Amino acid sequence: MRFLFPALLTLATCLHAQVTPNFKAEVIDSTVGIGYGLALADVDGDGRTDILLADKDLIVWYANPTWKKHVMAEKLTEKDHVCIAARDIDGDGKAEVAVGAQWNPGDTVDSGAVFYLEAPADRTQRWTPIQLTHEPTTHRMRWVRNRAGRYDLIVAPLHGRGNKAGAGAGVRILAYHRPDDVRQPWNTTLVNDAMHLTHNFEIVPAMGNEPESLLLGGREGIAQLTPTETGWKSRWITRHDTPELQGVGEVRWGAFAGGQPYVAAIEPMHGNQVVIYTPPPNGPKDGLWTRSVLDDTLTDGHALAAHDLLGLNNRQLVVGWRAHHKIGSRVGVKLFYTTKEDGSGWQQHLLDDNTMACEDAMGTDLDGDRDVDIVAAGRASKNLKIYWNQKP
């Protein structure tokens with residue numbers, strides 16, 4: 001037996017080295033206005049993960065496995081819907097949903113809106129919007145588990161109130177505390193207001209019922225925000241305080257096969273670079289992380305997801321770009337992967353060549369075959385697609 005284990009290990013290493021990504025694309029909606037934001041959750045409680053989309057004028061969900069489209073809300077505000085959060089926060093097997101709207105990034109005083117959508121008995125019918133207080137330029141939101149084991153709605157604007165060209169007041173990231181009666185006022189708590197132009201944030205995976213921390217990307221870099229008894233503690237992953245580093249757009253948490261964490265980002269906001277950050281030699285808590293550029297050829301990078309799609313026991317990266325206002329530029333989706341445990345040796349695989357102007361992308365197992373499929377929503381391409389994972 002002592003001779004068999006090294007042989008199996010060698011075989012596994014060879015299989016990983018020969019991995020070939022294989023995905024089959026399916027268009028499930030070709031009438032999308034602007035696919036601003038995706039969420040993946042079980043909406044109707046049938047045990048399958050459904051797809052939710054914050055479209056320009058509609059909030060919709062697509063029922064797994066038929067992908068029949070159901071309208072939840074329409075034209076909540078004069079200007080566009082922009083983001084959506086969906087998660088089962090009360091343990092009944094059905095997702096609770098919140099959305100952001102009145103998208104106007106040029107108006108840092110009067111824009112923005114936040115709604116909780118109250119579900120009807122028949123979730124295929126229209127949901128009741130309950131408007132909450134908000135900061136201007138509402139942009140991203142997620143349901144996040146707090147220290148009490150309950151879930152708060154964390155909402156991140158793009159700008160601080162009254163900002164001009166990213167200068168002025170910091171962006172007020174707020175936690176909304178859901179009351180028992182959702183039609184009553186929701187209390188809020190300040191999570192962070194130290195950054196400007198905060199384009200996106202990510203939940204860091206937590207064990208069991210432990211509270212979840214966040215990664216926040218913005219003009220000043222990336223910070224990890226951790227809830228404590230006295231409020232949210234901030235620790236920098238990277239500081240963008242030199243002319244060469246111009247801020248962060250998308251940000252995601254990753255891990256290598258050896259357990260070492262990494263942080264992935266698209267830089268700058270709507271930028272051309274795919275970047276990873278790895279911890280310093282003495283551990284993640286000791287200083288700023290090391291920056292490595294994986295690719296610098298994106299045109300308006302706007303989507304980023306990190307999952308183990310290929311069964312490598314690490315997290316690979318799904319990267320999408322949209323080329324908004326860049327006439328003649330190609331759009332698409334790429335997969336970045338490595339079989340190494342030290343963060344080196346990244347390879348690229350083109351998943352979509354010029355049919356997906358990717359605004360957002362997420363991954364989950366949609367068909368129960370125990371591998372991660374990819375969902376992507378387009379802007380100029382006006383489509384919603386599933387890339388089915390054909391991993392044997």
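For the numbers below, each heavy atom of this structure counts, side chains included, while hydrogens, waters and symmetry mates do not. In this text, all values refer to a predicted model and were calculated from it rather than measured experimentally.
Among the candidates His159, His134, His199, His81, the single residue satisfying the ring pair (Phe, Tyr, Trp, His ring centres under 6.0 Å) test with His139 is His199. Among the candidates Leu214, Ile89, Leu225, Val204, the single residue satisfying the side-chain contact (heavy atoms from CB on, under 4.5 Å) test with Val144 is Leu214.
Listed by first then second residue, pairs satisfying salt bridge (charged side-chain N to carboxylate O under 4.0 Å, His left out) with a partner in residues 255-268 read Glu267-Arg291, not counting sequence neighbours. Contacts classified as side-chain hydrogen bond (donor to acceptor under 3.5 Å, both in side chains) and involving residues 236-246 (residues at least two apart or in different chains) are given here: His240-Tyr277, Thr242-Glu244.
When atom types are taken as modelled, the side chain of Lys382 and the backbone of Gly33 share a donor-acceptor pair closer than 3.5 angstrom. Here the side chain of Glu250 pairs no donor or acceptor atom with the backbone of Ile266 at under 3.5 angstrom. A donor-acceptor pair under 3.5 Å links the side-chain atoms of Thr108 to the main chain of Asn163, judged by distance alone.
For Asp181, the side-chain contact (heavy atoms from CB on, under 4.5 Å) partners two or more places apart in sequence, or in a different chain, are Arg183, Gln184.
Between Asp107 and Lys79 there is no salt bridge, since no side-chain nitrogen of the basic residue lies less than 4.0 Å from a carboxylate oxygen of the acidic one. Checked for salt-bridge contact, Asp46 and Arg48 meet the test: a charged N lies under 4.0 Å from a carboxylate O. In summary, Arg370 and Asp365 do not engage in a salt bridge, as defined by a charged side-chain N under 4.0 Å from a carboxylate O.
Transitive grouping of hydrophobic side chains (ILVMFWY, heavy atoms separated by less than 4.5 Å) keeps Leu38 and Trp143 in distinct clusters. In the hydrophobic clustering of ILVMFWY residues, with side-chain heavy atoms under 4.5 Å counting as a link, Phe256 and Val372 come out apart. Grouping the Ile, Leu, Val, Met, Phe, Trp and Tyr side chains by contacts below 4.5 angstrom, directly or via other members, places Val97 apart from Leu40.
Taking all atoms of both residues into account, the shortest heavy-atom contact from Ala95 to Trp127 is O-CH2, 4.1 Å.
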